[in-house]
Amino acid sequence: MTGTFDAVVVGSGINSLACAALLARGGWGVCVLEREDELGGAIKTAEITEPGYLHDVFSAWHPLWVGGAAHAELGDELAARGLEYLNTDLPTGTLFPDGESAFLLRSGDANAAELDRHAAGDGEAWGRMLESFLPNADLAFGVLGTELWSRAGAGLGMKAYRRLGRRGFAEFVGELTISSRDWLTTTFESERAHGLLAPWVLHTGLGPDAAASGYMTQVIAVAVQEGGMPIPRGGGAKLVEALVRLIVDNGGICRSGSDVERVVVEAGKATGVRLADGETVEAGRAVVANVTPTQLYERLLGDGDVPADVAGKARRYRYGRGEMQIHLALSERPRWQGDERLGQTAVVHVTAGLDGVSRAVNEADRGLLPAEATIVVGQPLTMDPSRAPEGAGLLWIQLQELPSQARGDAAGELDTGDGTWSEELRERYADRIVARLARQIPNLESTIKARTVLSPADLERANVNLLHGDPYGGSLALDQNFLWRPFPASPGHATPVERLWHIGASTHPGPGLGAGSGTLVAHQLLRPALPRRAGNRLRGLVSR
Ligand SMILES: Cc1cc2nc3c(=O)[nH]c(=O)nc-3n(C[C@H](O)[C@H](O)[C@H](O)COP(=O)(O)OP(=O)(O)OC[C@H]3O[C@@H](n4cnc5c(N)ncnc54)[C@H](O)[C@@H]3O)c2cc1C
């Protein structure tokens with residue numbers, strides 16, 4: 001069957017849903033098409049271990065969403081559709097091998113006191129960081145919330161230039177490229193402070209020695225202090241449900257089980273999409289594709305739809321490290337050794353510190369299973385006890401330093417065979433992580449009721465956008481980041497095909513639940529004062 005809409009959105013990740021919701025509220029007829037049986041992409045909540053244990057299977061932490069532009073615009077309407085956010089005063093901490101820990105808290109004074117506990121003077125350094133960062137926070141966050149190759153992007157540059165002057169502007173831009181290691185070691189005395197913040201660069205797809213990771217460290221440090229670690233009551237799926245309801249309430253349609261195999265291009269313009277079963281869905285004003293460049297240029301577009309050099313460069317788009325998720329259902333709450341705050345902290349990093357993260361990243365980049373991975377231990381029950389039976393425990397564990405194909409084991413323990421993430425390799429690697437964690441949580445192993453592990457290969461099977469098990473939709477090395485994302489030959493969101501827009505984690509401002517790319521494209525599409533075409537909304541027939 002054929003339908004006609006103003007916009008067809010390919011994929012139902014957070015960027016798609018935010019984009020569709022904004023367009024639908026703006027009077028556009030929208031249709032979201034998702035190939036999997038469930039909507040939401042990397043947001044999914046399910047009882048994947050034991051009944052009564054509600055796990056966020058992929059993403060779990062929503063500070064980027066709650067701090068983002070889409071939430072600012074849609075938050076009230078989503079709340080009216082049942083979405084409720086919970087938050088904490090203990091967003092994150094790091095536990096070191098000697099049992100000492102450090103915490104990032106919710107106010108400048110609290111963080112200064114915490115850092116001074118580890119090295120006198122680091123509290124003052126934190127204060128100085130805030131003093132220099134906060135007055136220009138609009139510029140720093142603006143880089144992530146602006147279409148950089150546009151008049152708005154030029155406007156942001158001019159604003160910075162006017163405010164900071166020539167020298168200040170040069171300094172500001174130069175400082176954006178500093179590595180996390182260089183920023184941390186020149187700012188704080190204590191290795192505890194370095195180890196507290198360095199693991200957070202993993203959540204931006206970088207490592208602590210990468211260009212621009214120092215800027216991302218500061219952005220995250222300030223964002224966590226100011227915004228905490230919000231999660232939806234009942235799991236991330238509640239955000240998806242509320243967005244879908246908002247789209248439908250505004251006349252839009254969201255369909256699962258609909259694999260788009262082609263963008264239909266006529267005379268250089270995208271006019272709709274064709275599904276794998278042959279159905280076509282027409283788009284009168286825009287096709288918005290939330291896919292990787294690999295899929296966009298190698299599957300959805302044909303030879304001749306785009307200049308050959310752009311297609312060739314898209315083929316060289318690089319993916320980042322692979323990732324593993326370990327989900328544990330426990331019969332009781334984990335009892336951490338050491339600081340009692342560990343049991344109440346939303347996200348605990350278990351690592352030897354800055355050099356520990358750096359070493360594990362380097363090993364993974366060289367194709368090895370790291371000898372001592374940075375273990376990200378998420379504890380959603382600290383905010384939302386409704387996700388497990390009374391008194392029970394539930395852990396969301398993330399390992400972001402993995403090769404997508406293992407060439408060996410830096411610890412010399414595991415046989416990686418031909419490098420494929422077999423069930424055997426996945427489970428043995430997870431055993432190693434759980435055993436290490438058990439040294440810090442003595443009741444861990446004896447209270448595990450069930451465990452579900454997802455390897456990089458499982459992630460790719462679950463969501464085609466997580467190619468090679470890269471959770472972030474492509475390497476965020478500087479040449480594929482910011483001004484140059486997804487890749488320098490086709491940066492931003494407009495594509496060489498008129499009316500075809502590219503969104504999702506592979507595009508600026510990259511991965512995360514902020515919905516930045518979907519929001520930027522929706523705003524661009526809504527900007528021209530076109531007459532509302534409500535009549536277009538449901539002109540077509542749809543099958544489900
Ligand atoms: C394991 C994991 C943990 C994470 N944790 C966090 C976290 O805690 N906080 C955070 O902010 N970020 C986190 N992230 C990152 C964040 O979840 C993602 O960057 C973000 O959700 C990606 O959203 P997206 O809009 O790019 O699309 P995705 O969520 O990747 O969704 C894309 C959708 O498009 C569909 N699709 C693709 N091609 C087609 C096609 N041809 N036809 C139809 N449908 C198609 C796919 O099936 C998929 O459902 C995590 C990511 C992963 C993988």
Side-chain angles (χ1 to χ4, degrees), residues 8-20 31-44 55-68 70 200 202-205 220 223 227 229-231 236 239-240 243 254-263 273-276 281 287-292 294-296 298-300 320 322-327 346-347 376 378 380 396-400 454-456 458-467 469-474 476 486 502-507 509-519 521:
V8 170
V9 182
V10 183
S12 68
I14 186 68
N15 286 291
S16 310
L17 295 178
C19 181
C31 177
V32 177
L33 298 168
E34 167 59 51
R35 70 201 292 272
E36 300 297 331
D37 292 336
E38 284 175 65
L39 301 167
I43 310 176
K44 173 177 171 148
H55 299 268
D56 271 336
V57 180
F58 309 111
S59 59
W61 314 100
H62 291 216
L64 292 178
W65 168 258
V66 172
W200 275 100
L202 299 175
H203 300 267
T204 69
I220 290 190
M229 199 56 62
I231 57 172
L239 171 59
V240 174
L243 278 165
C254 298
R255 286 173 47 179
S256 56
S258 304
D259 183 20
V260 174
E261 67 167 19
R262 200 71 168 181
V263 173
V273 299
R274 192 178 72 228
L275 305 189
V281 183
V287 172
V288 182
N290 184 345
V291 296
T292 59
T294 308
Q295 193 188 171
L296 185 60
E298 293 183 28
R299 181 184 188 223
L300 300 187
E323 203 228 310
M324 174 178 281
Q325 288 287 139
I326 304 175
H327 295 286
V347 178
V376 186
W396 174 100
I397 296 169
Q398 188 181 42
L399 304 151
Q400 301 180 85
L454 300 172
S455 72
D458 297 322
L459 292 180
E460 178 177 318
R461 270 191 288 277
N463 177 346
V464 68
N465 285 20
L466 307 179
L467 201 54
D470 173 1
Y472 300 136
L476 288 125
H502 190 191
I503 62 167
S506 301
T507 69
L513 298 177
S517 57
T519 308
V521 166

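Read the numbers this way: they start at 1 and go in the same order the structure lists the ligands and their atoms. Residue indices begin at 1 and follow the sequence shown. Everything numeric here is computed off the predicted structure, so don't read it as measured data.
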By number and element, which atoms of ligand 1 are closer than 4.0 Å to a non-hydrogen atom of [X]?
| X | answer |
| --- | --- |
| Asp259 | 40 (C), 41 (N), 42 (N) |
| Ala505 | 19 (O), 26 (O) |
| Ala60 | 7 (C), 8 (O) |
| Leu466 | 53 (C) |
| Val464 | 37 (C), 38 (N) |
| Gly13 | 25 (O), 27 (O), 28 (P), 29 (O), 31 (O), 32 (C), 33 (C) |
| Leu513 | 9 (N), 10 (C), 11 (O), 12 (N), 17 (O), 21 (O) |
| Asn290 | 24 (P), 25 (O), 26 (O), 27 (O), 34 (O) |

Donor-acceptor pairs under 3.5 angstrom involving side-chain atoms of residues 58-68: please list them, not counting sequence neighbours.
unit_1 : atom_1 : unit_2 : atom_2 : d
Ser59  : OG     : Ala42  : O      : 2.7
His62  : ND1    : Tyr85  : OH     : 2.8

Minimum heavy-atom separation for [X] and [Y], please, with both atom names.
| X | Y | value |
| --- | --- | --- |
| Val10 | Val287 | CG2-CG1, 4.3 Å |
| Thr507 | Ser517 | OG1-CB, 3.2 Å |
| Thr204 | Leu476 | O-CD1, 3.4 Å |
| Cys19 | Val521 | SG-CG1, 4.5 Å |
| Thr519 | Ala70 | OG1-CB, 3.4 Å |
| His502 | Val291 | NE2-O, 2.8 Å |

Side-chain heavy-atom pair [X], [Y] within 4.5 angstrom cut-off:
| X | Y | value |
| --- | --- | --- |
| His203 | Val376 | yes |
| Asn290 | Ile503 | yes |
| Val260 | Val281 | no |
| Gln325 | Val57 | no |

Is there a donor-acceptor pair closer than 3.5 Å between any side-chain N or O of [X] and the backbone N or O of [Y]?
| X | Y | answer |
| --- | --- | --- |
| Ser506 | Gly474 | no |
| Arg299 | Arg262 | no |
| Glu34 | Glu36 | yes |
| Ser258 | Arg35 | no |

Nearest-contact summary for [atom] - protein heavy atom, Å:
| atom | result |
| --- | --- |
| atom 20 (C) of ligand 1 | Gly512 O, 3.8 Å |
| atom 17 (O) of ligand 1 | Ser59 CB, 3.3 Å |
| atom 51 (C) of ligand 1 | Pro471 O, 3.8 Å |
| atom 30 (O) of ligand 1 | Asn463 ND2, 3.1 Å |
| atom 38 (N) of ligand 1 | Gln295 NE2, 3.0 Å |
| atom 23 (O) of ligand 1 | Ile14 CG2, 3.6 Å |
| atom 33 (C) of ligand 1 | Glu34 OE1, 3.5 Å |

Exercise. Taking only residues two or more places apart in sequence or in another chain, which ones pass salt bridge (Lys or Arg N to Asp or Glu O under 4.0 Å) with Asp56?
Worked result: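 Salt bridge (Lys or Arg N to Asp or Glu O under 4.0 Å) list for Asp56, sorted by chain: Arg387.
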Taking both backbone and side-chain atoms of [X], is any N or O found less than 3.5 Å from an N or O belonging to ligand 1?
| X | answer |
| --- | --- |
| Glu36 | no |
| Leu64 | no |
| Trp61 | yes |
| Gly504 | no |
| Glu323 | no |
| Val260 | yes |
| Gln325 | no |

Exercise. Quick one: which of Gly11, Cys19, Ala42 has a heavy atom closest to atom 29 (O) of ligand 1?
Worked result: Ala42
Exercise. Which option out of Arg35, Lys44, Arg255 puts a heavy atom nearest to atom 45 (C) of ligand 1?
Worked result: Arg35
Problem set entry | Donor + acceptor pair across side chains of Gln400, Tyr472 (<3.5 Å) |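 Their side chains do contain a donor-acceptor pair, which is all the 3.5 Å distance test asks for.
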So for [X], does at least one of its heavy atoms come nearer than 4.0 angstrom to any atom of ligand 1?
| X | result |
| --- | --- |
| His62 | no |
| Arg299 | yes |
| Ser258 | yes |

Taking 4.0 Å as the limit for heavy-atom contacts, which would you say applies to [X] with ligand 1: side chain only, backbone only, both, or neither?
| X | value |
| --- | --- |
| Asn465 | side chain |
| Val10 | side chain |
| Ser506 | neither |

